[in-house]
Amino acid sequence: MRPSLLNPMFASVRSLPGIGPRVCGLLVKVLNIDPAKGEPRLVDFLHLLPHSVIDRRNRTDVAHAAAGAIVILELTVDRHQPPPIADKRKVPYRVLAHDDTGNIMLVFFHAQHNWLLNQLPIGEKIIVSGRIEWFNGHASMVHPHHITSLAESKFLPLIEPVYPSTTGLSAKTLSKAMIQALDRIPVLEEWQDKVLLQREQFPAYGEALTAIHMPDTPLVIAAASSARRRLAYDELLANQLSLALVRLKTKRLAGRPLPLLGTYLETLRQTLAFQLTQGQEQVFSEISQDLAAPKRMLRLLQGDVGSGKTVVAILAMVQAAESGGQSALMVPTEVLARQHYATIAPLTEKIGLKTALLTGREKGRERSLILESLNSAKAHIIIGTHALIQEGIDFHNLAFIIIDEQHRFGVHQRLQLTAKGNMPDMLVMTATPIPRTLMLTAFGDMDISRLTQKPARQKPVKTAILSANRMTDLMQHIKHALARDEKLYWICPLVEESQSINLTATIKRFEILARQFGNLVGLVHGKMPARQKDAAIADFKQGKTRLLVATTVVEVGIDVPDASIIIIEHAERFGLAQLHQLRGRVGRGDRPSSCTLLYKEPLSSMAKARLNVIRNTEDGFHIAEEDLRLRGEGDLLGTKQSGIPGFRFADMDAHRDLLEIARQDARLILEQDRDLESPRGKALRLLLYLFRRDDATRLLRAG
Ligand code: ADP
Ligand code: MG
């Protein structure tokens, strides 16, 4: 139970002034909160880190305002100049104003006229702040950040934090609500070690939050400030403590041995269409030994796209079945679940083992039959999406869990699946190289197996970067490829923020290509009914269609070995890891393969550098490193960019030292006080709640 002392921190953000249902909806996005968790709480809001600040200590007059500077001006409004009705969309609304030193034009696009007349009454003195532009000797300011009457202006902060924003959410609303929220932070017992506090000059938790939301210097939001470091340390300690609690808990329960008996495995090996590579043999033997040992396995299998992780997973699951243990393979998408099922079920059938499939789609009687087969041990292997962790799904004897493409799942999802098992061993598989920082924050310490070579059959993929202006050439190229009987993917980007716009673009692209190449063209996107999706992919596999227009639903894991060409539209909009994954869809068969990265001009130098990384190497580790390096360079204040997914304050580069300390600290704390019952332990419980590690608090003995 959460201590009542924390209640104010867990009130809905809607209890703050200016935050109604609409703004609350927008905040869900900005705060990046799982909508299933309900409305954002005050603490989520307070943990929103400003990404930069506006420095308005620069109060000046028109004549002295430098181009590009953000300034505060005291002006008198002269005249409003609304756009002609006919051109309302294109021509801005202009307001002319002056001070003793000169004239300035305030410019508004798509403005609400009444609102402007209200804010900028003719003849009145006002204070505006914003960025100055000079053009041909005339000063202007486009969309001032703030407009206030002279009387109200004393409330304008000199240094104002700027939050990650979304359309429709005004900076003013956020700032006002934030000041209220700061006021409601209760007095909390210090949870950090006194010696550390002194050495690092950490302010108290509440003070640190106040410092970053009401900055008195722009430096306070930088990663090196003591307020930022304090909050980063809180966050990291909460993380390490919760992982250590999970580990402690699982260690208390021993694992059970699932030895290599060979009854099924020998047959399985003979059934496979290929021989395992040496690398696959090596990692399988590591996993096999872990399974056989009487303690719990927690192992990461890291192998680049196309390195052949699936078959290793199959062998391991069959080993578990030899001892009568059930295995679950959880994957992030339904398409991937079906694909795995299609490969695995026939193989296991040949050796007399039953594989079942469970996604969100199986309903009614079909679903009851599947659930029954899990419960009664008729099914030895179950493949599914997160549908596997729902309530009401019970296993007879779940002994082994595999999570594919682990970066798509959170800690709590892993825990939920573990809870359904009988001391299950766990293997997580990933194609994304994980830096040590991420490893530690996502898993704590775990064992690692690596697949470094790819099966010899796999060919290098020739990668080219091409301007979308050269579409005609590309069409010729496609025509020839289709004439040679090749299979091609055409990938359209799907950006989360605007699914509908993207969907239209995807369908349009499909129509254009279908006009050219007729019924050789197929379409698959995330918004399609699932059965249609399967059909589209099956048609492509069987060669009924040979040019598949797709959104990133094909990104993870799809395996159509004879597809040899992939064209990625708007490649500049994709992340490097994503491009690498997409490219990994080709080069899986015997044909020479290629990847074309289409971009729309103009291409920034940063975007060009990023695409060049993909063109120049196929090594996933190298790509991940370059990605980090490039992102670092694009980062001005060193605030958010090298952040750790799911973390708000901690920065991978700047706070590496703190992560190590937190790791040690968490271990020491639990050695002395494993149920957090000492006075400091009780305070640390507050920390766990504040950083939303409720999962971990449930592992503590009540009381
Ligand atoms: P990933 O590691 O990306 O999940 P997959 O397991 O999908 O890779 O394997 C990629 C492709 O390589 C598949 O078509 C698979 O059948 C094939 N493959 C895997 N191991 C071997 C091998 N030892 N020899 C030949 N082909 C293999
Ligand atoms: Mg895979």
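Start at 1 and go down the list; that is how both ligands and their atoms are numbered.
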**Q** Between Met429 and ligand 1, find which residue part has any heavy-atom pair under 4.0 Å and reply side chain, backbone, both or neither.
**A** neither
**Q** Any carboxylate oxygen within less than 4.0 angstrom of a Lys/Arg side-chain nitrogen, looking at Arg338 and Asp534?
**A** yes
**Q** With heavy atoms of Lys309 as the reference, note each atom of ligand 1 found under 4.0 Å away.
**A** 1 (P), 2 (O), 3 (O), 4 (O), 6 (O), 8 (O)
**Q** With atom 8 (O) of ligand 1 as the reference point, say which of Pro561, Gly308, Ala313, Gly279 has the nearest heavy atom.
**A** Gly308
**Q** Would you mind telling me if ligand 1 is within reach of the side chain of Thr277, the backbone, both or neither, using heavy atoms under 4.0 Å?
**A** both
**Q** Would you check the N or O atoms of Leu276, main chain and side chain alike, for any that come under 3.5 Å of an N or O of ligand 1?
**A** no
**Q** Should Glu281 and Arg269 count as an ion pair when the cut-off is N to O under 4.0 Å?
**A** yes
**Q** Check this for me: does any side-chain nitrogen of one of Lys378 and Glu372 sit under 4.0 Å from a carboxylate oxygen of the other?
**A** yes
**Q** Could you list the atoms of ligand 1 found under 4.0 angstrom from a heavy atom of Val305?
**A** 3 (O)
**Q** Once you restrict to heavy atoms under 4.0 Å, what part of Pro455 touches ligand 1? Side chain, backbone, both or neither.
**A** side chain
**Q** Any salt bridge between Arg509 and Glu569, counting N to O under 4.0 Å?
**A** yes
**Q** Suppose I only count heavy atoms of Ser307 and a 4.0 Å limit; which atoms of ligand 1 are within that range?
**A** 2 (O), 8 (O)
